[in-house]
Q: 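Sharing a structure below in structure tokens format, with a few things to ask.
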Protein chains: 2
Amino acid sequence: MSRASEKAYDTIREMIISGELAPGDSLGEEALAELCQVSRTPVREALRRLEAEMLIHRTDTKRTYVADWSLDDIADVFELRAMLEGHAASRAAERIDDETLSDLRACNARIGAAVQSSPPDTERFLEGNRDFHALILETAASRRLTGLLGALIEQPVIWRTAHHYGMDELRRSHQEHEELLAAFARRDPAWAQSIMAGHIRRAFHAYADAHRGLVAIDGARRNRAKRAKKA
Amino acid sequence: MSRASEKAYDTIREMIISGELAPGDSLGEEALAELCQVSRTPVREALRRLEAEMLIHRTDTKRTYVADWSLDDIADVFELRAMLEGHAASRAAERIDDETLSDLRACNARIGAAVQSSPPDTERFLEGNRDFHALILETAASRRLTGLLGALIEQPVIWRTAHHYGMDELRRSHQEHEELLAAFARRDPAWAQSIMAGHIRRAFHAYADAHRGLVAIDGARRNRAKRAKKA
DNA sequence: CTACGCAATTTTGTATACAATAGGATGCGT
DNA sequence: ACGCATCCTATTGTATACAAAATTGCGTAG
């Protein structure tokens with residue numbers, strides 16, 4: 001997308017992810033346009049994209065609100081991701097060439113380095129993780145699959161939690177990636193699929209474990225926002 | 001969506017599905033606006049939707065063309081549908097109540113009637129089939145899953161072929177639905193999933209078998225369109 | 001006091017005008 | 001004659017003005 005449109009999308013998205021806009025908040029096009037310093041036209045385009053990604057919700061009367069995510073919704077996303085990324089891993093195992101395999105190895109090596117540095121470099125971990133999964137998805141070579149997963153991986157709740165991973169979680173991820181590489185090296189689709197599905201499901205449980213704590217943090221943040229509004 | 005936006009979407013979509021716009025054709029916003037009798041604004045919205053559904057394709061330079069579907073692409077769609085609708089069936093089997101079950105039975109009874117009438121009532125079959133699958137999807141109760149499948153089932157190639165189903169294909173579909181109902185009655189998720197995945201995969205092979213013939217028909221239609229353009 | 005309905009205001013949808021950008025054509029230089 | 005640069009045209013992106021629709025609030029009647 002082009003400049004203004006992208007700007008609106010990024011701005012609104014960031015505000016939702018950061019919690020500046022809380023679930024249930026009403027989103028008027030004009031107000032958003034002013035916030036983003038663009039006109040309503042690109043705002044509308046941004047809202048359509050965000051709606052497709054289910055970050056926002058539109059009532060039958062065309063009014064838009066920040067979407068509310070229940071734990072069930074989040075479980076849904078992880079379940080679908082496990083299935084689709086598992087499928088991607090399977091297809092990748094059938095199609096991968098030696099060059100891509102070594103790229104993938106290099107990528108996971110970077111992840112390992114980020115994990116072992118002290119303190120662990122979470123940013124670099126996340127960056128490597130994104131690259132790793134993206135490369136597998138690309139190797140799976142299915143435009144539809146890429147499209148469907150795109151709608152799932154761009155999710156705020158996931159990014160909000162990733163920063164709370166502990167050292168052990170990070171190490172475990174790195175280890176699972178190594179297993180995945182072994183499966184790819186053997187060109188074993190079923191194995192790759194199993195590892196990947198497990199990898200995602202484990203991530204979900206890590207999330208769910210941390211959830212109660214996060215809810216508390218979330219509550220505090222929202223209260224803060226509420227107080228700010230009053231003033 | 002509202003009136004003009006919907007009109008543009010329907011018009012363009014219909015032209016693509018009918019083949020009036022052939023794969024690779026360039027789509028200028030202004031030209032489309034005139035065709036649809038609306039301004040460029042709703043046309044742009046329609047194009048975004050069609051892009052999300054992968055009916056059209058946008059180059060890096062923002063120019064839009066009618067998407068080209070290879071057999072691989074189509075195989076992709078069916079593969080993903082098999083996976084996702086299988087998952088939907090599994091979830092539905094866990095959640096279905098007696099009332100929905102009998103609704104589903106009634107729906108398949110209508111399908112059976114459409115198949116057994118002579119000649120088979122393909123329209124009614126397709127309508128019942130849509131309802132049947134939609135009801136299962138609804139019972140699966142996953143908004144994300146519904147969203148993802150929505151992007152897959154609204155595909156032109158599939159509707160274009162459905163009309164070519166033979167009597168035996170229709171009967172087979174009806175029979176597979178019956179098996180699905182049995183799995184639902186027993187609340188057996190794995191069974192339901194297996195039947196559904198097989199159901200979709202069989203449909204793909206029926207499509208692929210008919211494909212060569214369809215390519216010929218397609219070619220004829222395009223030639224006709226080309227001649228029409230010359231005149 | 002409540003409930004219903006109408007009107008005023010806010011909000012979204014559509015059209016059009018204007019700006020930016022990509023593609024193509026033409027002409028000049030080698 | 002071939003290639004490159006520049007200008008012109010065509011197409012897309014953005015802003016704004018206007019129209020339609022919806023919600024809210026007020027007034028009135030039961």
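Throughout, a chain's letter reflects where its sequence line sits, starting with A, and its residues are numbered from 1.
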Q: So does B:E6 pair up with B:R13, basic N to acidic O under 4.0 Å?
A: no
Q: Base, sugar-phosphate or nothing for B:T41? Non-hydrogen atoms, less than 4.0 Å.
A: base
Q: Could you give the NZ-to-C1' distance, from A:K7 to D:dG13, as a whole number of Å?
A: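 Answer to the nearest Å: 15 Å.
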Q: Does a nitrogen or oxygen in the side chain of B:R40 sit under 4.0 Å from OP1 or OP2 of C:dG13?
A: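 For C:dG13, OP1/OP2 do not have a side-chain N/O of B:R40 under 4.0 Å.
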Q: Whole angstrom is fine here: how far is it from CD in B:E45 over to C1' in C:dA15?
A: 13 Å
Q: In this structure, how many angstroms lie between the P atom of C:dT14 and the CD atom of B:Q37, rounded?
A: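 Distance, rounded to whole Å: 15 Å.
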Q: Would you indicate which nucleotide in D:dT16, C:dT14, C:dG13 comes nearest to any side-chain atom of A:R58?
A: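 Within the option list, the nearest is C:dG13.
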Q: Identify whether the distance between the nearest side-chain nitrogen and carboxylate oxygen of A:R110 and A:E127 falls below 4.0 Å.
A: no
Q: Tell me the interatomic distance from B:D60, atom CG, to D:dT12, atom P, rounded to whole angstroms.
A: 14 Å
Q: So, is A:T61 close to the C:dT12 phosphate, meaning a side-chain N or O under 4.0 Å from OP1 or OP2?
A: no
Q: Given atom OH of B:Y65 and atom C1' of C:dA22, what is their separation to the nearest angstrom?
A: 11 Å
Q: When you look at B:R44 and A:E45, which way does the salt bridge (charged side-chain N to carboxylate O under 4.0 Å, His left out) test go after all the steps?
A: CA-CA 9 Å; B:R44 286 172 66 84; A:E45 289 204 11; 3.0 Å; yes
Q: What's the closest nucleotide to the side chain of A:K62 if the choices are C:dG13, D:dT14, C:dA22?
A: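 Of all the options, the side chain of A:K62 is nearest to C:dG13.
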Q: So, A:D103 versus A:T100: side-chain donor-acceptor pair below 3.5 Å or not?
A: no
Q: Calculate the interatomic distance between B:E29 atom CD and C:dA19 atom P; express it in whole Å.
A: 18 Å
Q: Base, sugar-phosphate alone, or nothing: which one does B:R63 contact when heavy atoms must sit under 4.0 Å apart?
A: sugar-phosphate
Q: Provide, to the nearest angstrom, the distance between the CD atom belonging to A:E30 and the P atom belonging to C:dT12.
A: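 Interatomic distance, CD of A:E30 to P of C:dT12: 9 Å.
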Q: Please round to the nearest 0.5 Å and tell me the distance separating atom CE of A:M15 and atom CG of A:L32.
A: 7.5 Å
Q: Taking 4.0 Å as the cut-off, does a side-chain nitrogen or oxygen of A:S2 come that near to OP1 or OP2 on D:dT14?
A: yes
Q: Rounded to the nearest Å, what distance is computed from the CZ atom of residue A:R49 to the P atom of nucleotide D:dG13?
A: 12 Å
Q: So B:L27, base contact, sugar-phosphate only, or nothing? Heavy-atom distance under 4.0 Å.
A: sugar-phosphate
Q: Looking at C:dG13, I'd like to know if its phosphate oxygens (OP1 or OP2) sit under 4.0 Å from a side-chain N or O belonging to A:R48.
A: yes
